[in-house]
Amino acid sequence: MHTVTFDSANGIGRICIANPPVNALSHHVMHGLADGLAQFEADPSLHALLIYCAGKTFVAGADITLFDDPAFDASAFNATLARLEAQPRLVVAALHGTALGGGLELALACHYRVAQSGTRVGLPEVKLGLLPGSLGTQRLPRLIGAGPALEIMLSGKMIDTQEALSCALVDAIRDGTPLDIGMAYTSELLAHNAPPRRLSQVRMPDQVHASAIETALSQAQQQPHYPAKQAIVACVQAAVSEDFETGAAVEANAFKTLLNSPASRALRHLFFAQRVAAKLPQNATSTSGLAVETVGILGAGTMGTGIAMCFLNAGIPTVLVDATAEGLQRGIGLIESTYASNVAKGRLSAEQAQAILQRLTTSLDDTALAECDLVIEAVFENMALKQQVCQRLGHICKPSAIIASNTSTLDVDVLAQATGRPGQVIGMHFFSPAHIMKLLEVVRGEHTAPAVLKTVMDLAKKIGKTAVVSGVCYGFIGNRMAEVYMRETEFLLMEGATPAQIDNAVQALGMAMGPCRMLDMAGIDVGAKTVIEYGKAGGLPPDPSYRAVVQKMFALGRFGQKTGSGYYRYDGRTAHPDPETERIAAEVARAHGIAKRNDISEQEITERLLYPLINEGCKILEEGIAYRASDIDVVWTAGYGFPDYQGGPMFLAEQRGLAHIVQQLEHYARSRGNPYGYWDISPLLQRLAQQQHSFASHNLV
Ligand code: 3H9
């Protein structure tokens, strides 16, 4: 089948693009468009040209995979757009689904745009570290003004048809198939002798836009890690102050530079990583999954209520159960106050909030969960308690129900056995606050049925989560890797680095928050109890200095922000360095014979925190816990504040070179000593480094 076809009817030439799944601009599509246009040009009997798409959407942008080719060049496509716009006969685009990036730029080169109701449009290139490279930076400001155009391009957000109509980005909204609405609208335009409109010929009064550009520039300058933002502003500046050709040249140069920038490579990697993470092994994809119409949550604490809101927001009736009236009331209060605050902030109307709350049922009686299709236990993180709860759920839930545990560390296989129906059990590790954080680790147990895995992954997409599958191990993907990160943080503290020195080093790399600030915020008590529990379960290394600082802080009642002191001293939420922390760390170090050093560099801090974490990621890969290295990148960027413009820890490792990571791990093994195997290098990492292979060569699915 041809990806682009040309035909005509009623005096109107028609180019149809059919390149599933999203009609991306591949080489075939771009050439096909040029060919279709040539056929139109060759037939003087036609009065107008209509461009529309088959399938679920208009063109959703350039085919992003093309950008990996260093020889990629948009100029031929841009010349096609110029030819389209220059036609003396009318050119109309009929939009449906999403018209994004190069797709919207194609539509902007047409003289008129009609959209099916429900269409969304946008220029999301900035999310890929790019700018609109097919004259979007030049045509959009000429159509809707510099301020609104900057907002669309700098946010990358999609706008709906009503908004697009009100700013004249589309000319009409109609119901019907893209072909039908396109033909009807083109016929109307012809009947009214509507003239061709060419955005490239619109002149922009410079001064009207000056303040919008100035504001956008100062905001973009505050985000130097996203160079596309400043480049977009520069292009819009050219659009308002230069002629179209000069602006086009500014855009073309900037696009080329950004295409090869590290930030764009990282963001493009994550675009595909997030989509690939949803791909399951054949035995799961071949099943049809189960219907989930009602969800039950057991435990109305912070996690349970956050999880309940995820489902309520997605329109799924939810039953919330707690063992005590006090706990349940507190949970209901949390949910109500969250929606009330969303209404107060204008994010929801009062009617919408009420409709959401009507989907919530609460009960003190756990048999209220009996008919739910999925029940998630979100009780306190304690093995004995969770086992007891799982056993009870195995008795009361209907036989087809999926039983999920929201554990963050515990063995899902043990919990699965407790239910008496391990095939129906899965882990769903939400991150706090659960209704806000995007990441969901879906933990497949040894016996989890493929249909259960598929159902939960599909549901994750429905509730807007970025889901990653993990096998069973302590802490799954994210927390297991975070453990080695915290281990080295504590050793550095004992060796004399200050919390601020450590936090600043990793924040300079782009981490949203350093480990000491993070633990102060999450609660040192929570962190210490996890270490202590893990010790009781026999999981800790036989090293008495292992995470000794956090345990000491816990013993001293320094729980972090909530008690006013932890690694830092707090004034409300403002952290101040606290000499007492250095004294405590020095005392713990002395007790364990760890010598103070004065030569800890920023490079050592970042390498000692990140390289063991990468090494642990490799162990997770070789054990088959994660399906692929890119899944690990998704976990860290979506759930742990790892900067997206670095692409995730595994992507960063490849950028720095796997051989370099191995060499530095060996260096620290020598300089720090390795009695407990902390610096043992993953055989997979060793092998890939030696063979100069990428992590992708080890994808399991
Ligand atoms: C651009 O246009 C530059 C121009 O200015 C200059 C040009 C010269 N390319 O997300 P989904 C795949 S930059 C290649 O799961 P949804 C995706 O990987 C581009 N592939 O579906 C997946 O593949 P698979 C600007 C793409 O319904 C499948 O399609 N445009 C592209 O949840 C389904 O995707 C964008 O940034 C692509 N452009 O969401 C838009 N897009 O089935 C990017 C998708 O193998 N795309 N795929 O896993 C999106 O935002 C969403 O995909 C969309 C659909 C909203 C369209």
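Note: hydrogens, waters and symmetry copies are ignored here, and every other heavy atom, side chains too, is used.
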Distance-only, no hydrogens or angles: does the [X] side chain make a donor-acceptor pair with backbone N or O of [Y] under 3.5 Å?
X: Glu616; Y: Met481; answer: no
X: Arg487; Y: Arg547; answer: no
X: Asp644; Y: Leu267; answer: no
X: Asp503; Y: Cys516; answer: yes
X: Thr305; Y: Gly331; answer: no
X: Thr637; Y: Pro643; answer: no
X: Glu125; Y: Gly133; answer: no
X: Ser264; Y: Leu128; answer: yes
X: Glu441; Y: Gly478; answer: yes
X: Gln274; Y: Thr466; answer: no

Looking only at heavy atoms, what is the nearest atom pair of [X] and [Y], with distance?
X: Ser697; Y: Leu688; result: OG-CD2, 3.6 Å
X: Val442; Y: Met457; result: CG2-SD, 3.8 Å
X: Ile614; Y: Leu652; result: CD1-CD2, 4.3 Å
X: Lys386; Y: Ser405; result: CD-OG, 4.1 Å
X: Pro649; Y: Ile632; result: CG-CG2, 4.4 Å
X: Ala508; Y: Glu602; result: CB-OE2, 3.9 Å

Checklist line | Among Phe651, Phe695, Phe67, ring-ring contact (aromatic ring centres under 6.0 Å, His included) partner for His269 | finding: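 The residue from Phe651, Phe695, Phe67 that satisfies ring-ring contact (aromatic ring centres under 6.0 Å, His included) with His269 turns out to be Phe651.
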Next item on the list: Identify the residue among Trp636, Tyr640, Phe476 that makes a ring-ring contact (aromatic ring centres under 6.0 Å, His included) with Phe431.
Entry: Tyr640
Quick one: do [X] and [Y] make a salt bridge, cutoff under 4.0 Å?
X: Arg480; Y: Glu623; result: yes
X: Asp68; Y: Arg268; result: yes
X: Asp458; Y: Lys454; result: yes

Item checked: Pair Phe642-Val506, side chain to side chain contact (heavy atoms under 4.5 Å, CB included): steps then yes or no -> CA-CA 10 Å; Phe642 200 95; Val506 290; over 6 Å; no
Check: Within 45° of the axis and under 6.0 Å from the centre of the six-membered ring of Phe271, does NZ or CZ of Arg275 qualify?
Finding: yes
Note to self: Distance alone, cut at 3.5 Å: any donor-acceptor contact between the side chains of Asn699 and Arg628?
What the structure shows: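 No, no side-chain donor-acceptor pair sits under 3.5 Å.
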Next item on the list: May I have the step-by-step check of ring pair (Phe, Tyr, Trp, His ring centres under 6.0 Å) for Tyr668 and Tyr611, ending in yes or no?
Entry: CA-CA 10 Å; Tyr668 291 113; Tyr611 292 6; 7.5 Å; no
Within a strict 4.5 Å, meaning less than it, do heavy atoms of the [X] and [Y] side chains meet?
X: Glu151; Y: Lys157; result: yes
X: Ile463; Y: Asn313; result: no
X: Met153; Y: Val126; result: no
X: Tyr568; Y: Arg517; result: yes
X: Thr98; Y: Arg120; result: yes
X: Ile297; Y: Thr318; result: yes
X: Pro612; Y: Tyr485; result: no
X: His429; Y: Asn479; result: yes

To the closest 0.5 Å, what do you measure between [atom1] ([X]) and [atom2] ([Y])?
X: Thr606; Y: Met511; atom1: OG1; atom2: CE; result: 11.5 Å
X: Ile524; Y: Gln561; atom1: CD1; atom2: CD; result: 11.0 Å
X: Asn406; Y: Leu298; atom1: CG; atom2: CG; result: 11.5 Å
X: Leu684; Y: His693; atom1: CG; atom2: NE2; result: 11.5 Å
X: Leu493; Y: Gln501; atom1: CG; atom2: CD; result: 9.5 Å
X: Lys462; Y: Ile316; atom1: NZ; atom2: CD1; result: 4.5 Å

Next item on the list: Show your working on side chain to side chain contact (heavy atoms under 4.5 Å, CB included) between Met309 and Ile335 and close with a plain yes or no.
Entry: CA-CA 7 Å; Met309 286 189 274; Ile335 293 176; 4.1 Å; yes
Next item on the list: Take Asp63 and Phe72 through the side chain to side chain contact (heavy atoms under 4.5 Å, CB included) test and state the conclusion after the steps.
Entry: CA-CA 11 Å; Asp63 180 340; Phe72 177 82; over 6 Å; no
Margin query: Show, in sequence, the C-alpha distance, side-chain angles and deciding distance for Leu492 and Leu609, and conclude whether the side chain to side chain contact (heavy atoms under 4.5 Å, CB included) test is met.
Written below: CA-CA 9 Å; Leu492 282 161; Leu609 262 59; 3.5 Å; yes
Check: ring pair (Phe, Tyr, Trp, His ring centres under 6.0 Å) with Tyr678: which residues, sequence neighbours excluded?
Finding: Phe491, Tyr676
